[in-house]
Peer 1: 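I have a structure here, written as structure tokens, and I will follow up with some questions on it.
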Amino acid sequence: MSELLERIIIQAPMGGGPGTPALAAAVSNAGGIGSLAGAYLTPEQITADIAATRALTRGPINVNLFAGGYHTTVDRDPAPMLELLAEVHRTLELPPPSLPNVPPDPFDAQLEVVLRAKPEIFSFTFGIPSDEAMRALRGIYVIGTATTVAEAQLLADAGVDAIVAQGAEAGAHRGTFAAPVEQSMIPTLELVRGIAARVKPPVIASGGIMTGAEIRTALDAGASAVQLGTAFLLCPEAGSSQPYRDAVLRARGTETELTRAFSGRAARGIHNRFMELVPESAILPFPIQNTLTRAMRAASAKANNAEYLSLWAGTGVERIRALPAGELVKVLMAEMVSAR
């Protein structure tokens with residue numbers, strides 16, 4: 001199944017709205033690999049999304065889940081976070097927040113439906129599935145996420161088929177699982193070179209890549225393919241909300257920064273008011289913080305207010321293009337060829 005990476009361009013799985021079956025199908029139909037983000041979905045929703053994508057494309061589908069970093073209890077007093085969020089809720093005309101009851105990690109139940117659906121590719125981040133899960137995935141092309149060379153070695157030892165090298169420039173959640181985030185902020189090209197020199201599985205470059213010329217540079221650094229997320233945010237097939245789209249159009253790469261304020265896990269996004277409001281000491285673990293801020297984010301999107309939205313984007317956001325996904329893939333490929 002190594003021929004899958006001959007498609008070169010992988011649309012990153014983007015949970016919380018931007019990733020849709022229509023987007024994944026359009027990318028696959030254009031010669032890339034479309035991805036579905038399943039981590040926030042129920043097993044039934046994952047099954048429905050896979051079926052909806054299958055109805056739109058005969059191309060390969062990648063389904064992504066979170067394989068670690070899941071907390072069901074808080075490790076600090078939640079009162080400061082609840083008090084801060086109560087003020088935001090009043091601004092958005094929401095009822096007062098309350099500490100959510102977080103269910104057990106859904107990974108096993110989610111993986112079960114993925115195994116039944118048999119997508120061509122399964123990818124994961126935030127950790128490594130168990131040995132039992134990795135054995136069950138045989139026959140599906142498996143991609144793990146690394147933010148350091150050491151994490152890449154752990155993934156290779158676990159038997160993955162390919163490794164996403166998530167550089168410091170990447171938007172959205174960091175996949176770091178074996179070191180502090182602060183020690184894992186390695187530039188994409190440096191990380192690609194380091195991983196390619198140390199492990200056998202093919203490397204997929206991710207982070208700050210927005211043009212075909214940048215794809216060529218990543219391939220020259222040792223990548224076999226690239227994964228792009230931010231580049232697809234303005235595609236009509238994406239589920240990005242209108243205030244999110246407007247913020248992306250206004251943004252510059254220097255305005256993105258890491259924050260744990262929205263989800264409890266480090267992620268890169270466009271600077272806004274909520275990032276300023278939340279002190280690091282008040283943030284609860286993932287996914288408790290993520291669940292707690294969900295009502296705020298939904299209301300903010302409905303009110304066309306980007307100040308309380310998680311505006312995930314990478315450092316290359318200023319080079320974004322508002323094109324249909326299939327057209328964007330073709331433009332990127334043409335740029336890559338002309339960059340030789």
Peer 1: Check side-chain hydrogen bond (donor to acceptor under 3.5 Å, both in side chains) between Glu190 and all other residues, then give those that pass, not counting sequence neighbours.
Peer 2: none

Peer 1: Keeping to residues at least two apart or across chains, list the side-chain hydrogen bond (donor to acceptor under 3.5 Å, both in side chains) pairs with something in residues 217-243.
Peer 2: Gln242-Asp246

Peer 1: Checking Ser263 now: which residues fulfil side-chain hydrogen bond (donor to acceptor under 3.5 Å, both in side chains) with it, not counting sequence neighbours?
Peer 2: His173

Peer 1: Show me the side-chain donor-acceptor pairs of residues 304-317 shorter than 3.5 Å, one per line, residues at least two apart or across chains.
Peer 2:
from, atom 1, to, atom 2, distance (Å)
Asn305, OD1, Glu307, N, 2.9
Glu307, OE1, Arg273, N, 2.7

Peer 1: Got a list of side-chain donor-acceptor pairs under 3.5 Å for residues 193-212, not counting sequence neighbours?
Peer 2:
from, atom 1, to, atom 2, distance (Å)
Thr211, OG1, Glu214, N, 3.2
Thr211, OG1, Glu214, OE1, 3.3

Peer 1: Could you go through residues 249-257 and list every donor-acceptor pair under 3.5 Å that involves a side-chain atom there, pairing it with any protein atom two or more places apart or in another chain?
Peer 2:
from, atom 1, to, atom 2, distance (Å)
Glu255, OE1, Arg252, N, 3.3
Thr256, OG1, Gly253, O, 2.9
Thr256, OG1, Arg268, NH1, 3.3
Glu257, OE1, His271, ND1, 3.0
Glu257, OE2, His271, ND1, 3.3

Peer 1: Name each donor-acceptor pair under 3.5 Å that joins a side chain in residues 9-16 to protein atoms two or more places apart or in another chain, with its distance.
Peer 2:
from, atom 1, to, atom 2, distance (Å)
Gln11, OE1, Ser35, N, 2.9
Gln11, NE2, Ser35, O, 3.1

Peer 1: Does Arg138 come within less than 4.0 Å of Glu132, counting only side-chain N to carboxylate O?
Peer 2: no

Peer 1: Taking ILVMFWY side chains as joined if any heavy atoms are under 4.5 angstrom apart, and letting links pass through other members, which residues group with Met185?
Peer 2: Val181, Leu258

Peer 1: Enumerate, atom names and distances included, each donor-acceptor pair closer than 3.5 Å involving a side-chain atom of residues 80-104, sequence neighbours excluded.
Peer 2:
from, atom 1, to, atom 2, distance (Å)
His89, ND1, Pro95, O, 2.6
Thr91, OG1, Glu87, O, 3.2

Peer 1: Run through the side-chain heavy atoms of Ile, Leu, Val, Met, Phe, Trp and Tyr, join any pair under 4.5 Å, and report what else lands in Phe126's cluster.
Peer 2: Tyr40, Phe66, Phe286

Peer 1: Of all residues at least two apart in sequence or in a different chain, which pass the salt bridge (charged side-chain N to carboxylate O under 4.0 Å, His left out) check with Arg174?
Peer 2: none

Peer 1: Could you walk me through whether Arg321 and Glu335 pass the salt bridge (Lys or Arg N to Asp or Glu O under 4.0 Å) check?
Peer 2: CA-CA 14 Å; Arg321 291 170 281 197; Glu335 290 175 344; 2.5 Å; yes

Peer 1: Sequence neighbours left out, what passes side-chain hydrogen bond (donor to acceptor under 3.5 Å, both in side chains) with Gln153? Give chain and number order.
Peer 2: Asp157

